[in-house]
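See structure below.
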Amino acid sequence: MHPGDFTPVCTTELGAAALRQDEFTKRNTKLCGFSCNDQASHVSWIEDILVATGGKVEFPLFCDPNRDHATELGILDETNKDAKGLPLTVRSVFILKPDKTIALIMTYPASTGRNFDEILRVLDSLQLTASKALATPVDWHPGDEAIVNFPLSNAEADEKFGKDGYRIVEVPSEAGRDLPKNYLRYAKV
């Protein structure tokens, strides 16, 4: 494979992932890549990634040179083609739960690199909400308050978080009503 067939956006992304390997390891998360190149081309590509980004790719890169799996997953961008005229893959991030089911798919067009700050933020949110009766609001980051899951009644929230362990946001739609649960409640995490 000619180096001109390597995708520069993926080069930067794989380098960024390699540079943040410790962040993923701290979260007990395994990284892997998916490429429409063959295994032999990965050797020189990984060298390019190291020189271009400083990131040493030590996680697996799955090969799909015929794009069979990319076609099955529906992650091809027909508007962007490689030197052979084959469609490039879109930049999809799949986060799997421990049971190997998909928790999240985040897709970027082939022309746009992924945001690893956002990927780590989402991973933190998924891990938090999997183990606690919480959801994360817009722009949430670790250490911020999280939303008490809506299915919990106020009595259940009292048991789970303590009577003073969460706060209720008073909203007009609930004014003057005696409710078993308020819909917007925040807990410290």
Checklist line | Validation row: Phe161, Leu134 side chains within 4.5 angstrom (heavy atoms) | finding: yes
Next item on the list: Compare every heavy atom of Gly55 with every heavy atom of Ile49, then report the nearest pair and how far apart it is.
Entry: CG2-O, 3.7 Å
Notebook entry, point to check: Under 3.5 Å, side chain of Arg185 to main-chain N/O of Asn149, donor-acceptor pair present?
Noted result: yes
Check: Looking only at atom types and distance, does a side-chain atom of Thr112 sit under 3.5 Å from a main-chain N or O of Tyr108, one as donor and one as acceptor?
Finding: no
Check: So, for Leu179 and Asn154, which heavy atoms are closest and what is the spacing to 0.1 Å?
Finding: O-ND2, 4.1 Å
Check: Hey, does the side chain of Tyr166 reach the backbone of Lys160 with a donor-acceptor pair shorter than 3.5 angstrom?
Finding: no
Next item on the list: Is it possible for you to say whether Leu126 and Phe116 belong to one hydrophobic cluster, with membership spreading through side-chain heavy-atom contacts below 4.5 Å?
Entry: yes
Check: Counting only heavy atoms not in Tyr183, do more than 12 sit closer than 6.0 Å to its OH atom?
Finding: no
Notebook entry, point to check: Under 6.0 Å from the six-membered ring centre of Phe150 and within 45° of its axis: does the NZ or CZ of Lys181 meet both?
Noted result: yes
Notebook entry, point to check: Would you say Leu73 and Ile102 are hydrophobically clustered, going by side-chain heavy atoms of ILVMFWY under 4.5 Å?
Noted result: yes
Checklist line | Closest heavy-atom pair and its distance - Ala187, Val148 | finding: CB-CG2, 4.0 Å
Notebook entry, point to check: Between the main-chain N or O of Ser125 and the side-chain N or O of Thr129, is there a donor-acceptor pair closer than 3.5 Å?
Noted result: yes
Check: Any idea which heavy atoms bring Ile75 and Ser92 closest together, and the distance?
Finding: CG2-OG, 3.6 Å
Notebook entry, point to check: Between Thr71 and Asp68, is any side-chain donor less than 3.5 angstrom from a side-chain acceptor?
Noted result: no
Item checked: Nearest atoms (heavy-atom pairs only) where Pro142 meets Asp124 -> CG-OD2, 3.2 Å
Notebook entry, point to check: What's the shortest heavy-atom distance between Leu128 and Ala146, and which atoms?
Noted result: CD2-CB, 4.3 Å
Margin query: Tell me if a side-chain donor or acceptor on Glu13 pairs with a main-chain N or O of Arg114 at a distance below 3.5 Å.
Written below: yes
Margin query: Check for me, please, whether Leu61 and Ile119 land in the same ILVMFWY cluster - side-chain distances under 4.5 Å, paths through other members count.
Written below: yes
Check: Does Glu23 pair with Arg27 as a salt bridge, N-O distance under 4.0 Å?
Finding: yes
Checklist line | Charged N-O contact under 4.0 Å between Glu118 and Arg121 | finding: yes
Next item on the list: Please check if Val122 and Leu120 belong to a single hydrophobic cluster, counting links between Ile, Leu, Val, Met, Phe, Trp and Tyr side chain heavy atoms closer than 4.5 Å.
Entry: yes
Check: Picking from Arg167, Arg177, Glu170, Glu174, what satisfies side-chain hydrogen bond (donor to acceptor under 3.5 Å, both in side chains) with Asn182?
Finding: Glu174
Next item on the list: May I ask you to decide if Ser111's main-chain N or O and Arg91's side chain share a donor-acceptor pair within less than 3.5 Å?
Entry: no
Notebook entry, point to check: Can Arg20 and Asp117 be counted as an ion pair, charged N to O under 4.0 angstrom?
Noted result: yes
Next item on the list: Could you tell me whether the side chain of Asp99 and the main chain of Thr101 form a donor-acceptor pair under 3.5 Å?
Entry: yes
Margin query: Between Thr12 and Val9 (side chain of the first, backbone of the second, donor and acceptor by atom type, cut-off under 3.5 Å), is there such a pair?
Written below: yes
Item checked: Cluster overlap Leu19 with Phe59, hydrophobic side-chain contacts below 4.5 Å -> no
Next item on the list: Examine distances only and state if a side-chain atom of Thr25 and a backbone atom of Gln21 form a donor-acceptor pair shorter than 3.5 Å.
Entry: yes
Next item on the list: Look only at the side chain of Glu156 and the backbone of Ser153, and say whether a donor-acceptor pair between them is shorter than 3.5 Å.
Entry: yes
Margin query: Do Ile147 and Trp140 have side chains that approach each other closer than 4.5 Å (heavy atoms only, starting at C-beta)?
Written below: no
